[in-house]
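Have a look at the structure below before the remarks.
Whatever order the structure lists them in is the order used to number ligands and atoms, beginning at 1.
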Amino acid sequence: MNKNFDYIIAGQGIAGTVLAFSMIKEGLNVLVIDDKTLSMCSKVAAGNFNPIVFKRLVKSWMADELIPFSDKFYFDAEQFLNENFYWKKEIVRIFGEEQEKDFWLKKASNTDEGKYLSKTITNDFFTDIVSNPLGCAFVENGSNLFVSKFLDDFRNYFEKNRLLLDEVFDHSLLEIKSDSVTYKNYTAKKIIFCEGYKVAENPYFKWLPLKPAKGETLVVKIKNLETDKIINKGVYMLPIGEDLFLVGATYDWVNLNDIVTEKARTEISEKLSKVIKVPFEIISGQAGVRPSSIDRRPIIGLHPEHKSLGVFNGMGTKGVMLAPYFAKQFIGSLENNLPLDGEVDVVRFNGRGN
Ligand SMILES: Cc1cc2nc3c(=O)[nH]c(=O)nc-3n(C[C@H](O)[C@H](O)[C@H](O)COP(=O)(O)OP(=O)(O)OC[C@H]3O[C@@H](n4cnc5c(N)ncnc54)[C@H](O)[C@@H]3O)c2cc1C
């Protein structure tokens with residue numbers, strides 16, 4: 001195995017995987033170190049991206065920039081590995097009130113958001129299965145990444161190309177110099193930590209102001225709902241094949257672990273009962289902890305003192321769409337000294353960690 005790398009990446013969730021592939025595309029040598037049992041967050045993510053925030057019907061942060069960038073990134077990744085894990089998806093919004101419908105139609109015709117919103121109301125969307133007496137409308141240009149497949153496919157690639165150490169990263173073994181790091185027998189210009197919420201156990205970056213949020217989802221079986229669209233009303237329902245749907249998600253800022261709970265099972269199934277008129281069967285549940293930051297923006301950049309240590313984290317609820325765009329930006333900053341967007345630059349929190 002090559003012992004000299006441009007970058008070591010600690011963590012192979014969405015953040016670490018996207019950063020590693022972005023670096024490989026730029027011709028950089030990377031070593032990925034990951035013990036995949038430490039955080040389930042990326043493995044359980046639904047992988048959806050909705051360009052619209054439903055509460056206020058406004059665009060999701062940077063949707064216009066993130067969507068074309070991510071589409072290209074994931075389609076390129078599919079081609080690179082000769083696999084399939086990314087799809088464009090319509091999202092069905094089921095209306096709960098008449099006012100919501102009026103607001104939608106107004107937004108659809110008059111505003112910049114309108115390009116993502118269907119201009120008419122549909123009244124015949126699986127009405128024998130889905131409870132939608134007021135009708136529904138569609139968000140266009142949504143997308144879905146089959147995250148666990150994306151991670152597994154890249155893990156295989158890293159393994160085959162001898163770019164992976166499948167083990168717990170032990171911070172006490174890291175030797176830091178001003179222009180390089182050494183970990184065991186491996187040397188690199190820099191190490192970038194992509195540990196998700198486990199960054200709280202990283203002695204160099206534990207001061208980052210994360211506000212992690214546990215989330216749970218259920219896999220349920222609903223017969224005859226033959227749609228490829230993501231359905232949304234109180235919960236999202238992502239079709240995953242063979243009559244199965246991934247339904248979620250919950251938020252819990254207290255119990256930060258990957259344990260599946262009865263409470264979440266009840267919460268999700270009660271919400272689902274309000275959308276689905278027919279009996280459904282719960283097949284399984286899963287849980288993970290989202291690495292959200294206090295200002296709900298990614299946290300990217302170098303350590304205030306040790307310039308050979310970096311962080312790529314804080315992806316919160318939207319890792320799928322944020323990671324590709326900001327990985328590219330981070331590489332521009334690392335390799336060519338280009339500026340990082342002030343809203344994501346870790347320097348906004350300097351003073352907390354030194
Ligand atoms: C229920 C749920 C649903 C979600 N749905 C969506 C969605 O639809 N769309 C979306 O965009 N986002 C979604 N998210 C959010 C998304 O999952 C996160 O934004 C993303 O997974 C964060 O990725 P990450 O790589 O930063 O962290 P993680 O996924 O936590 O990855 C960190 C990796 O580092 C490893 N690691 C940590 N410490 C060490 C160490 N010391 N040594 C070795 N390895 C280590 C961990 O095991 C893990 O493999 C969802 C999250 C949850 C919980």
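Only the backbone of T317 comes within 4.0 Å of ligand 1, counting heavy atoms alone; no side-chain atom from C-beta on gets that close. Contact annotation for E201 and ligand 1: no heavy atom of the residue comes within less than 4.0 Å of the ligand. The residue F312 has no part lying near ligand 1, judged by heavy-atom distances below 4.0 Å. Contacts with ligand 1 closer than 4.0 Å are made by no heavy atom of M40, backbone or side chain. Under 4.0 angstrom from ligand 1, the non-hydrogen atoms of C194 all belong to its backbone.
In this structure, the protein non-hydrogen atom closest to atom 43 (C) of ligand 1 is D35 N, 3.2 Å. Shortest contact from atom 48 (C) of ligand 1 to any protein heavy atom: D34 OD1, 3.6 Å. Among protein heavy atoms, the minimum distance from atom 53 (C) of ligand 1 is reached at G288 O, 3.5 Å.
Within ligand 1, counting atoms from 1 as listed, the ones closer than 4.0 Å to a heavy atom of P291 are 22 (C), 26 (O). Close approach of ligand 1 to M315 (heavy-atom distance below 4.0 Å) involves ligand atoms 19 (O). Of all atoms in ligand 1, listed by their number and element, those nearer than 4.0 Å to a heavy atom of G196 are 26 (O), 27 (O), 30 (O), 32 (C). Near K198, meaning under 4.0 Å from one of its heavy atoms, ligand 1 places the atoms 37 (C), 38 (N).
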Audit row: D112, K59, salt bridge (charged side-chain N to carboxylate O under 4.0 Å, His left out) steps and yes/no: CA-CA 8 Å; D112 191 26; K59 276 192 285 185; 2.5 Å; yes
Apply the test ring-ring contact (aromatic ring centres under 6.0 Å, His included) to residues Y86 and F73: give CA-CA distance (whole Å), side-chain angles for both, the deciding distance (0.1 Å), then the verdict. CA-CA 10 Å; Y86 188 71; F73 177 88; 9.2 Å; no
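Of the residues listed (H171, H306, H303), the one engaging F205 in a ring-ring contact (aromatic ring centres under 6.0 Å, His included) is H303, and it is the only one.
Every N/O-N/O distance between V168 and ligand 1 stays at or above 3.5 Å. At a 3.5 angstrom cut-off on N or O pairs, G11 does not count as close to ligand 1. Taking any N or O of V320, backbone or side chain, at least one lies under 3.5 Å from an N or O belonging to ligand 1. The shortest N or O to N or O distance between A45 and ligand 1 is not below 3.5 Å.
Under the 3.5 Å distance criterion, with hydrogens and angles disregarded, no donor-acceptor pair is assigned to the side chains of T250 and E267. Side-chain contact, E216 with Y251: no donor N or O sits under 3.5 Å from an acceptor N or O.
The 12-atom threshold is exceeded at NZ of K119, counting heavy atoms of other residues, nucleotides or ligands nearer than 6.0 Å.
The aromatic rings of F169 and Y183 lie parallel to each other, with less than 30° between the two planes, well short of the 60° mark. Ring orientation note: the planes of F95 and W104 are nearly perpendicular, at an angle over 60° on the 30°/60° scale. Between F154 and F150, the angle of the ring planes goes over 60°, which puts this pair in the perpendicular group of the 30/60° scheme.
The heavy atom nearest to atom 26 (O) of ligand 1, out of those in G16, A200, G314, A15, is found in A15. Between the choices A264, G319, S42, the shortest heavy-atom distance to atom 23 (O) of ligand 1 belongs to S42. For the residues P298, G316, S143, the heavy atom positioned nearest atom 15 (C) of ligand 1 is part of G316.
Residue contact annotation: K43 has a non-hydrogen atom under 4.0 Å from ligand 1.
A distance of 13.5 Å separates CZ of F280 from CG of L244, quoted to the nearest 0.5 Å.
Scored by the ring pair (Phe, Tyr, Trp, His ring centres under 6.0 Å) test, F138 finds no partners at all (sequence neighbours excluded).
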